[in-house]
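Inspection log for the structure reproduced underneath, given as C-alpha cells.
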Amino acid sequence: MICGNDRFNEIERRLPGIPKSVLSKRLKDLEVAGIVVKRQVPGNRRFSYNLTMAGEDLFGIIERMGVWAQRWVIQDIGPEDTDPDMLMWDMQRRINMDKLPPRRIVVQFELLGAQRKIYWLVLEKPQPSICLEDPGFEIDLVVTADSLALHRVWMGRLDIADALRKDQIKLEGPVDLKRAFPGWLALNLFAGVPYEGVATTA
C-alpha cells in the first residue's frame with residue numbers, strides 16, 4: 001500500500017502465493033489496529049484499502065529496517081532467496097520514468113534458473129505494468145537473464161555491466177534501447193546500501 005496499491009487484487013498480485021483468506025484476515029487486522037481504512041470506491045461495488053496517518057507513519061520504520069537488513073544481514077543472494085514473481089513486481093514499481101522514450105516500450109523478460117519464466121514489462125506513462133501473459137504488443141527489447149544474476153543486480157550485489165559482460169544478462173533489440181536499458185532500472189530501494197558484515201564490537 002505504501003507503493004500505491006490500494007485494491008485487493010492489486011495487493012494480492014504483489015504478494016504471489018498468498019491465499020485470499022490470509023490476505024483478507026491480515027487486511028482486517030490492520031483495519032482493527034487503525035493502520036488501514038477500507039473505503040468503497042465511488043460508483044463501484046469494489047473497495048480500496050488506504051493507509052491511515054498511523055499507517056503512513058510506519059514507512060520510516062520499514063525503511064530503516066530494510067536499510068539495516070541490507071547493511072548487516074543480506075550479504076548476498078542465493079538460489080534459495082530468488083522469487084521471480086516478486087522480483088518482477090518490484091521492478092515494475094521501480095522504473096526511472098524520466099529516462100524512458102516518449103513512446104510505449106515493451107520488454108520481454110525470460111528468466112532462466114530452476115524453472116523458465118517469461119514476463120512482459122509494458123513501460124508507458126503514467127504507470128508501467130507487468131504482464132504474465134503476452135499483452136499482444138510488438139516486443140521492443142528481449143532480456144534473457146539468469147534469475148539469480150538478475151536478483152543480485154536488483155539488490156545491488158552485482159553490477160549490471162558485469163552481468164552483461166559475462167552474458168548472465170543478454171539483451172536483444174535495437175542498439176539505442178540496449179544502451180538505455182540499464183538506466184531505466186532504479187533498482188531495489190535499498191540497493192545502494194553496502195553490506196558491512198556482522199559487527200562483533202560496538
Side-chain angles (χ1 to χ4, degrees), residues 2-3 5 10-19 22-23 62-97 99-100 105-123 128-135 139-175 177-199:
I2 285 174
C3 295
N5 306 300
E10 290 177 344
I11 298 170
E12 181 189 22
R13 283 197 299 270
R14 283 148 180 80
L15 296 170
I18 188 170
V22 173
L23 178 57
I62 293 170
E63 184 179 33
R64 288 302 304 160
M65 289 177 65
V67 168
W68 179 85
Q70 184 81 344
R71 179 170 292 149
W72 301 110
V73 178
I74 306 174
Q75 180 175 4
D76 206 348
I77 309 298
E80 68 280 2
D81 303 311
T82 61
D83 186 327
D85 291 341
M86 288 292 289
L87 172 65
M88 294 307 301
W89 285 120
D90 199 27
M91 290 179 69
Q92 175 255 336
R93 290 193 294 256
R94 299 275 299 162
I95 296 294
N96 289 319
M97 298 299 293
K99 294 187 178 182
L100 293 175
I105 298 292
V106 179
V107 184
Q108 177 181 305
F109 284 82
E110 181 176 356
L111 301 190
L112 308 176
Q115 55 179 320
R116 173 177 174 267
K117 303 198 77 170
I118 297 180
Y119 306 86
W120 292 264
L121 186 58
V122 181
L123 302 175
S129 58
I130 190 75
C131 301
L132 304 181
E133 297 181 0
D134 190 339
I139 305 299
D140 298 290
L141 190 66
V142 176
V143 178
T144 304
D146 173 77
S147 182
L148 177 57
L150 189 58
H151 276 78
R152 294 185 67 217
V153 166
W154 192 249
M155 292 300 296
R157 297 307 191 224
L158 173 65
D159 186 80
I160 191 169
D162 290 338
L164 288 166
R165 187 164 47 251
K166 296 174 182 177
D167 286 336
Q168 294 172 318
I169 298 177
K170 298 179 181 180
L171 307 178
E172 297 177 49
V175 173
L177 296 185
K178 290 195 293 184
R179 186 179 298 118
F181 173 75
W184 298 346
L185 306 179
L187 303 187
N188 182 272
L189 183 63
F190 309 109
V193 179
Y195 176 69
E196 300 289 348
V198 177

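Along the sequence shown, residues are numbered consecutively beginning with 1.
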Q) Regarding Y195 and D76, is there a side-chain donor-to-acceptor distance under 3.5 Å anywhere? A) no
Q. Do L111 and L150 have side chains that get closer than 4.5 Å, going by heavy atoms?
A. yes
Q) Just how far is it from atom CD of Q108 to atom CG of L121, taken to the nearest 0.5 Å? A) 11.5 Å
**Q.** From CH2 (W89) to CD (E10), nearest 0.5 Å
**A.** 9.0 Å
(Q) Between R94 and L187 (side chain of the first, backbone of the second, donor and acceptor by atom type, cut-off under 3.5 Å), is there such a pair? (A) yes
Q: Please check if the side chain of Q70 supplies one atom and the backbone of M155 the other of a donor-acceptor pair under 3.5 Å.
A: yes
(Q) Does L177 form a side chain to side chain contact (heavy atoms under 4.5 Å, CB included) with I105? I'd like the steps, not just the answer. (A) CA-CA 9 Å; L177 296 185; I105 298 292; 4.2 Å; yes
Q) Taking the side chain from R157 and the backbone from I74, do they hold a donor-acceptor pair closer than 3.5 Å? A) yes
(Q) Counting C-beta onward and ignoring hydrogens, is there a side-chain heavy-atom pair between D85 and Y119 closer than 4.5 Å? (A) yes
Q.
Donor-acceptor pair, distance only, cut-off 3.5 Å: does the side chain of Q168 make one with the backbone of D146?
A. no
Q) Ignoring hydrogens and geometry, is there a side-chain-to-backbone donor-acceptor pair from D83 to M86 under 3.5 Å? A) yes
Q. Taking all atoms of both residues into account, what is the closest heavy-atom pair of V193 and V67, and its distance?
A. CG1-O, 3.8 Å
Q) For A163 and V153, which heavy atoms make the closest approach, and how far apart are they? A) CB-CG2, 4.1 Å
Q: Determine yes or no for a side-chain-to-main-chain donor-acceptor pair under 3.5 angstrom, with D140 supplying the side chain and V106 the backbone.
A: yes
Q) Backbone N or O of V142 within a donor-acceptor pair of the E172 side chain at under 3.5 Å? A) no
Q: Could you grab the distance from atom CD1 of I62 to atom CD1 of I2, nearest 0.5 Å is fine?
A: 4.0 Å
Q. Is any side-chain heavy atom of L158 less than 4.5 Å from a side-chain heavy atom of I160?
A. no
Q. So which heavy atom on E63 is nearest to which on F190, and how close?
A. O-CE2, 3.3 Å
**Q.** Donor-acceptor under 3.5 Å (D81 side chain, G78 main chain)
**A.** yes
Q | Side-chain heavy-atom pair K117, E110 within 4.5 angstrom cut-off | A | no
(Q) For a side chain to side chain contact (heavy atoms under 4.5 Å, CB included) check, start with the C-alpha distance between I169 and T144, then their side-chain angles and the critical distance, and finish with the verdict. (A) CA-CA 6 Å; I169 298 177; T144 304; over 6 Å; no
Q) Side chains of L185 and N96: closer than 4.5 Å at any heavy-atom pair? A) no
Q: Would you name the heavy atoms of W154 and D90 that are closest together and state the gap between them?
A: NE1-OD2, 2.7 Å
**Q.** Shortest non-hydrogen contact between Q92 and P128, atoms and distance
**A.** NE2-O, 2.8 Å
Q | NE2-CG distance between H151 and N188, expressed to the nearest 0.5 angstrom | A | 10.5 Å
Q.
Would you say that F109 contacts I118 through its side chain, given a criterion of any heavy-atom pair below 4.5 Å between the two side chains?
A. no
Q: Verify side chain to side chain contact (heavy atoms under 4.5 Å, CB included) between N5 and R93, making sure each step is shown before the conclusion.
A: CA-CA 10 Å; N5 306 300; R93 290 193 294 256; 4.3 Å; yes
**Q.** V122 vs C131 side-chain heavy atoms within contact, under 4.5 Å
**A.** yes
Q) Are K170 and V143 close enough that some pair of their side-chain heavy atoms sits under 4.5 Å apart? A) no
(Q) Please evaluate residues W120 and V107 with respect to the criterion side chain to side chain contact (heavy atoms under 4.5 Å, CB included), reporting the C-alpha separation (whole Å), side-chain torsions for both, the decisive distance (0.1 Å), and the verdict. (A) CA-CA 6 Å; W120 292 264; V107 184; over 6 Å; no
Q) Going from CD1 on I77 to CG on L87, what distance comes out if it is rounded to the nearest 0.5 angstrom? A) 10.0 Å
Q.
Counting only heavy atoms from other residues, nucleotides and ligands, does the tally under 6.0 Å from CE of M65 exceed 12?
A. no
Q | Point-to-point distance, once rounded to the nearest 0.5 Å, from CG of L171 to CZ of R179 | A | 12.0 Å
